[in-house]
Number of protein chains: 2
Amino acid sequence: MLDQRIKFRHLTCFLEVARQRSVVKAADTLSITQPAVSKTIRELEEHLDARLFDRSKRGVTLTDFGKVFLRYAGASVTALRQGVDSISQVRMQGGLSINLGVLPTVAASVMPNAIRHFKTLSPDTTVKVVAGPNVMLMGQLRVGELDLVVGRLAEPDQMSGLSFIHLYSEHISLVARPGHPLLADKNPDITRIREFTVLVPPKHAIIHPTVDKMLIAHGIGALPDRIETVSTSFGRAFTRETDAIWIISNGAVASDIAEGHLVELPIDTSDTFGPVGLTTRIDSPISPPVEMLINAVREEASRHHSEQAAAKT
Amino acid sequence: MLDQRIKFRHLTCFLEVARQRSVVKAADTLSITQPAVSKTIRELEEHLDARLFDRSKRGVTLTDFGKVFLRYAGASVTALRQGVDSISQVRMQGGLSINLGVLPTVAASVMPNAIRHFKTLSPDTTVKVVAGPNVMLMGQLRVGELDLVVGRLAEPDQMSGLSFIHLYSEHISLVARPGHPLLADKNPDITRIREFTVLVPPKHAIIHPTVDKMLIAHGIGALPDRIETVSTSFGRAFTRETDAIWIISNGAVASDIAEGHLVELPIDTSDTFGPVGLTTRIDSPISPPVEMLINAVREEASRHHSEQAAAKT
DNA sequence: ATTTTGCATAACTATATAATTATGCATCAG
DNA sequence: CTGATGCATAATTATATAGTTATGCAAAAT
């Protein structure tokens with residue numbers, strides 16, 4: 001049971017004594033007298049009903065209890081400090097803000113609902129949504145310009161210092177407009193896509209290497225007539241109006257497929273199965289607002305996913 | 001600046017009022033009178049120099065400040081609660097313990113040093129190291145029996161509810177004893193490995209599908225003479241004493257290769273490049289001791305990695 | 001138009017607190 | 001042996017606290 005009488009004074013004093021391994025020095029930096037420190041520590045020990053320091057005549061050392069408690073005490077005061085800080089931040093800027101990077105896969109599927117849900121929970125937090133090539137987003141995330149990036153797991157060499165939270169997995173799809181010539185055949189020869197314009201992800205896209213591998217695995221070499229694009233809005237419009245074939249992560253076109261605007265080509269893309277999730281920095285702790293957004297995205301993703309699974313049956 | 005006079009009484013009272021949206025109800029559940037709650041909230045507001053609630057005649061609502069502060073206040077009391085809990089845990093069990101799952105890749109390379117380093121930082125924390133098939137370890141992690149699993153990133157479908165922190169990436173190696181017949185040729189025909197006994201990871205190993213794909217890509221079908229094993233000690237001994245070829249993640253045999261006990265076959269395994277890292281649960285927050293261990297592993301991994309890079313030049 | 005609801009304020013009281021100074025006591029260095 | 005170091009304890013004091021009861025007051029409900 002938590003002793004309500006514990007003040008932050010006790011914790012900061014404890015932390016200072018632990019850091020300095022000395023009551024006298026701690027008293028000095030805290031600008032109070034030595035007996036005051038002694039007494040404060042004793043109070044804390046009484047409240048916790050555990051000895052935190054071993055006292056000797058040559059300084060003090062943490063007991064096992066103290067060593068353990070040290071971490072939690074630090075976390076506790078840090079949290080409160082952040083709380084006080086963010087209050088003044090709200091006062092100055094008129095609100096908190098989250099900077100969010102969004103990759104194409106989720107930009108149109110999971111994220112709109114997730115953010116909508118988050119905004120009902122926390123309407124005063126400004127969410128800034130940034131789209132762009134994943135290399136750029138990961139760079140910004142690492143530097144701290146972004147708090148969170150949602151999308152496919154980036155290539156290993158870009159992941160240093162970053163943490164990945166899995167949401168679901170998806171594959172890459174080849175889609176075309178309904179009534180596309182290739183679809184006339186029930187089991188079309190997939191190498192025939194070389195006869196058409198193909199929209200492919202550009203070099204810097206996460207799925208580029210995966211797409212390459214898949215094409216090779218299916219015996220399709222270099223595509224003679226190709227357009228490289230990241231723009232799903234362009235890809236969507238272009239594919240619906242021409243005979244072009246669009247190679248794109250499934251999430252980006254899932255709703256279009258469901259609504260019949262686009263049709264998936266019958267090709268085995270199981271090799272392209274890959275994880276979609278949330279990427280964050282490791283070093284800086286996740287702030288509560290970001291944590292709330294993460295939860296909202298996770299919830300929405302699982303809902304979204306179960307819907308998709310249901311739709312397939 | 002943090003007001004030292006803030007007590008946990010203030011925070012818990014604040015949290016309760018925020019939760020109930022009512023001073024009267026909060027007073028009830030806290031078993032004190034309504035004016036006491038009013039006063040406590042006012043004190044907290046004075047200490048923070050910010051209004052936390054809008055008072056109306058139909059309950060109270062959080063202000064923007066209050067909404068923001070709420071999260072941090074929650075985090076702060078949670079941390080202290082955990083601290084108090086872990087003290088009693090230490091008292092009962094005579095020490096904290098971390099349960100750690102270790103996959104073969106890192107069992108012999110990164111982890112020994114990492115844990116040694118961690119023990120110098122936190123000698124009183126018992127570290128229990130569990131090895132085993134990854135499916136089992138991931139299951140235990142999800143249930144809470146393990147706090148952390150270190151190794152290759154598991155297949156997407158096992159990653160739900162888990163978070164992955166990238167450490168480095170490695171590929172899969174084909175190794176044999178020095179002086180192996182295949183090595184007589186400078187550029188041996190790799191399909192000839194079918195002529196030998198091959199040790200391969202079993203079905204439930206993380207790298208199993210990757211190995212399968214690689215074998216197919218190199219035009220090697222089913223292996224006629226194969227032994228499936230997870231045991232690196234068996235694999236190591238068997239490979240050194242016979243003409244068997246061992247397909248195993250590079251990390252598990254890196255030191256043997258460096259010391260000349262085993263030799264890598266010259267085969268392109270770049271497709272098998274994959275992330276190695278730390279897997280944790282998302283929902284339960286990472287406790288300070290586990291966080292320290294994570295840092296120790298990360299440090300050791302980057303040191304280890306830079307050494308490897310240096311060794312290659 | 002009352003009554004009820006929900007919170008604030010005031011007045012009061014017994015404790016608790018947060019310091020202080022003065023002092024004691026063991027250990028360690030010289 | 002002596003003094004310095006480092007912490008604990010005691011005595012003291014002004015202030016803060018954590019509650020209490022009693023009361024007020026505006027909005028909402030009846």
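If you're wondering where the values come from, they're calculated on a predicted model, not measured in any experiment.
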Euclidean distance, atom CZ of residue A/Phe8 to atom P of D/dT17 [Å, nearest integer]:
15 Å
Given atom CD1 of A/Ile6 and atom P of D/dA18, what is their separation to the nearest angstrom?
13 Å
Are A/Thr33 and C/dA19 close enough that a side-chain N or O sits under 4.0 Å from OP1 or OP2?
no
Cation-pi, B/Phe65 ring and B/Arg51 (6.0 angstrom, 45 degrees):
no
I want to check one thing: is the phosphate of D/dG6, taken as OP1 and OP2, less than 4.0 Å away from some side-chain N or O of A/Ser22?
no
Which whole-number value in Å describes the distance from B/Gln34 CD to D/dT21 C1'?
12 Å
Reading DNA chain C from 5' onward, which residue's closest nucleotide shows up sooner: A/His10 or A/Pro35?
A/His10
Should the pair B/Arg19-B/Glu16 be classified as a salt bridge under the 4.0 Å nitrogen-to-oxygen rule?
yes
Measure CD1/B/Ile41 against C1'/C/dG6 and give the value in whole Å, please.
15 Å
For C/dA16 and A/Arg5 - does any side-chain N or O of the residue sit under 4.0 Å from the phosphate oxygens OP1/OP2?
no
Report yes or no: is there a donor-acceptor pair, N or O only, under 3.5 Å between the side chain of A/Lys39 and the base of D/dA8?
no
So does B/Lys119 have more than 12 non-hydrogen atoms from other groups sitting under 6.0 Å from NZ?
yes
Side chain of B/Lys7: nearest nucleotide among D/dC7, D/dA18, C/dC7?
D/dA18
Could you tell me the separation between the CD atom of B/Glu43 and the C1' atom of C/dA16, rounded to a whole number of Å?
13 Å
Can you tell me the distance, in whole Å, between the CG atom of B/Asp54 and the C1' atom of C/dC7?
13 Å
Who are the salt bridge (charged side-chain N to carboxylate O under 4.0 Å, His left out) partners of B/Arg116, not counting sequence neighbours?
none
For B/Ile32 and C/dC7, what is the distance between atoms CD1 and P respectively, to the nearest whole Å?
13 Å
Need one value for A/Val60: base, sugar-phosphate or nothing, where a base atom within 4.0 Å counts as base even if backbone is also close, heavy atoms only.
sugar-phosphate
In terms of heavy-atom contacts, does CZ of A/Arg71 have more than 12 from other residues, nucleotides or ligands at under 6.0 Å?
no
Selection from C/dA8, C/dT17, D/dA8 that lies nearest to any side-chain heavy atom of B/Ser38
C/dA8
Closest-nucleotide 5' rank along DNA chain D - winner of B/Ser31 and A/Val24
A/Val24
OP1 or OP2 of D/dT17 under 4.0 Å from side-chain N/O of B/Arg9:
no
Between CG of B/Leu30 and P of D/dT20 the distance, given in whole Å, is 11 Å
